[in-house]
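Lettering follows sequence order; numbering is per chain, from 1.
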Number of protein chains: 2
Amino acid sequence: MSTAGPRPRRATIRDVALEAGVSRGTVSRVLNGEPYVSAQAREAIERAVARVGYVPNSAARNLATRRSQAIGFIVHEPHELFLEDPNIGAILLGANRVLSGSDHQMVSLVIDSERDSRRVARYLSGGFVDGAVVVSARQDDTLLTTIARLSIPATLVGRPPATSRVPWVGIDNKGAARAITEHLVGTGRRRVGMIAAALDRDSGADRLAGFRDALGPAFDRRLVVENQLYEYTAGRTGMIELLEREPEVDGVFAASDAIAAGALDALRAAGRRVPEDVGVVGFDDSSWALRCQPLLTTVHQPARQLGEAAAASVLAQLRGTATDEPAGGLLETHVVVREST
Amino acid sequence: MSTAGPRPRRATIRDVALEAGVSRGTVSRVLNGEPYVSAQAREAIERAVARVGYVPNSAARNLATRRSQAIGFIVHEPHELFLEDPNIGAILLGANRVLSGSDHQMVSLVIDSERDSRRVARYLSGGFVDGAVVVSARQDDTLLTTIARLSIPATLVGRPPATSRVPWVGIDNKGAARAITEHLVGTGRRRVGMIAAALDRDSGADRLAGFRDALGPAFDRRLVVENQLYEYTAGRTGMIELLEREPEVDGVFAASDAIAAGALDALRAAGRRVPEDVGVVGFDDSSWALRCQPLLTTVHQPARQLGEAAAASVLAQLRGTATDEPAGGLLETHVVVREST
DNA sequence: TTGTACGCGTTATCAC
DNA sequence: GTGATAACGCGTACAA
């Protein structure tokens, strides 16, 4: 328990009114840029504001207006992923951009423990935010039920559980996975494997489904290695595993660029050449793709736009102009061919 | 301009009091776990809370208590760096951990434009947070003057401008740079260069100063390449530049691991072997260091602990038990020897 | 054009 | 133990 005392008292509208010799109502009007104030009063008030060092208290304003002009950006991730996943940063920046444009403060909240989870729920309930963008919620996330119960405007990034009716934005993971697998097969690969990840989330499961679709009868469950997270080390170990299971493998679909980067390093260590001996493709088109050797062929995912779309959707709900789900429709992806195929 | 209306009315203490047949005061006491409430009243109130679906409104509570139980985590970075810098994530997690432990909500605010900057200033003024952790403030940051003016408890991560008297936590960049440069020289290198970055910030400038110190008379300004940011591509281009200026170079101190990773790739492309032909060292001991080939010798920087120390410092200020500056003292760093030297 | 007075939902200080 | 009731700082009808 912290035992902090109140902060030093700051000037209020009252002080300004006294100083300027007008009423609080008039001060309030000036502060909110309303018409019907004499130039004289306005000027006196502005001077008074400066003199007493007045700054408005939003807690009071929130209480009166019942709105906070703030939107939560909630990230629910285990440490590792939060640090490794380049998409989250881009989504965050995208969201911040549109919120900033409509004069909303984005406040991002990270959930990193059960305790965090409860506190964030309280925070949402408390009227600190008018709405929320939720990134990478789990299928069974209690956060979603909290949000539903409070009926606070929210939009998810990524497809929510089928039972939920929250608006969301996302991409067609399955279609994109199919497309890039087809590209890989199109370069003449015969024994194609996948390093999958995060099968407990829609993105992970859908990418595997797309891979399976593309391969059709050629699909071989033995050539799929599974991991918890979309991370570099999973790529290294996954690739080693894959080479053990099938030394003849000549094509690999990695569920993320980070995984692909790990796979490339493992392949190099094993003496295989890319793309001559084996073709590798990733997913995300994150900064990982450009720091690989060779440059990675991958699926471009519009991470920043996802953030923008999600934020726009929340604002739309706030205005009461919410559209159908999914909020922004599915955003476009496309295959970026580089050197690894 | 958004034109949102108020959200649906939610149950208040008043409703609970009515429902339970007691006064608001008693309800408030129960809610805050205070003593002197009859078991009977307590039970009735708890049932009433559940029945009317009461959730406390923090705006009102904030107004009454004049505290928000929230701490701002302010990141002031250009996009690229925010996405590339692995330290920020670790610092953030560290801060969240200690704040979470003392039941404070961490809200992170990113400043990404002039407009953001002003809005965050308003946000801070508005009583939304009781204090703030500020990461990577610029030397001339207006944020710092805002914070000083409002006298809101804050702690910086990284050394502030000399003129400022804000508490801060950090590491001894200069000493650490000297140490790792000495290690590099100790492996027998004769022509040692540096790929420097962010000279407009204390970290960047201090690392260069430490490098210079370690080299003493052997220091050669020509062998220092400068960059804006601590990023991978700066490492590639910087290394190429360095090789052009001095083909005989056999040692490189990169101002960050990301830069070192770029340098390693550039060296490989140029046909130099590491560590045989040239030794490379980095700074940060971030995840970059472990995905390099060869594994990178670098300075371990306790990023997570920096976040923890900064948060603890803010909480201490809140409690009125603030210590001298720097807030947490300088945190320890050490050289981690791996394969690149 | 300006002032008054009430409401926002809690906490806190009293008497009882 | 409990119940009134005055803050907390601001927005906003309504009256003047």
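- Considering only side-chain N and O atoms, A/Thr26 lies under 4.0 angstrom from the phosphate OP1 or OP2 of C/dG3.
- Heavy-atom contacts from other residues, nucleotides or ligands closer than 6.0 Å to CD of B/Gln40 number 12 or fewer.
- Under the 3.5 Å distance criterion, with hydrogens and angles disregarded, a donor-acceptor pair is assigned to the side chains of B/Gln69 and B/Arg67.
- Contact annotation for A/Ala41: backbone-only contact, meaning every heavy-atom pair under 4.0 Å involves sugar-phosphate atoms and none involves a base.
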Side-chain donor-acceptor pairs under 3.5 Å in residues 51-61 of chain B, sequence neighbours left out?
from    : atom 1 : to       : atom 2 : distance (Å)
B/Arg51 : NE     : B/Glu19  : OE2    : 2.5
B/Arg51 : NH2    : B/Glu19  : OE2    : 3.1
B/Asn57 : OD1    : B/Ala59  : N      : 2.6
B/Asn57 : OD1    : B/Ala60  : N      : 3.0
B/Ser58 : OG     : A/Gly126 : O      : 3.4

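- Side-chain contact of B/Ser68 with B/Asn62: a donor-acceptor pair under 3.5 Å is absent, judged by distance alone.
- Nearest to the side chain of B/Leu63, among D/dG3, D/dG1, D/dG9, sits D/dG9.
- Mapping A/Ser58 and B/Gly21 onto DNA chain D by nearest heavy atom places B/Gly21 at the nucleotide closer to the 5' end.
- Note: A/Gln105 CD to B/Leu109 CG = 5.0 Å, rounded to the nearest 0.5 Å.
- With C/dT2, D/dC10, C/dT10 as the candidates, the nucleotide lying closest to the side chain of A/Tyr36 is C/dT2.
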Which atom pairs link the protein and nucleotides 11-14 of chain D when you take only N or O atoms and keep those under 3.5 Å?
from   : atom 1 : to      : atom 2 : distance (Å)
D/dG11 : OP1    : A/Arg61 : NE     : 3.2
D/dG11 : OP1    : A/Arg61 : NH2    : 3.3
D/dG11 : OP2    : A/Ser28 : OG     : 3.0

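- Along DNA chain C, the nucleotide closest to B/Asn57 and the one closest to A/Gln40 are compared, and the more 5′ of them pairs with A/Gln40.
- In this structure, B/Asp103 pairs ionically with A/Arg122, as a charged nitrogen and a carboxylate oxygen lie closer than 4.0 Å.
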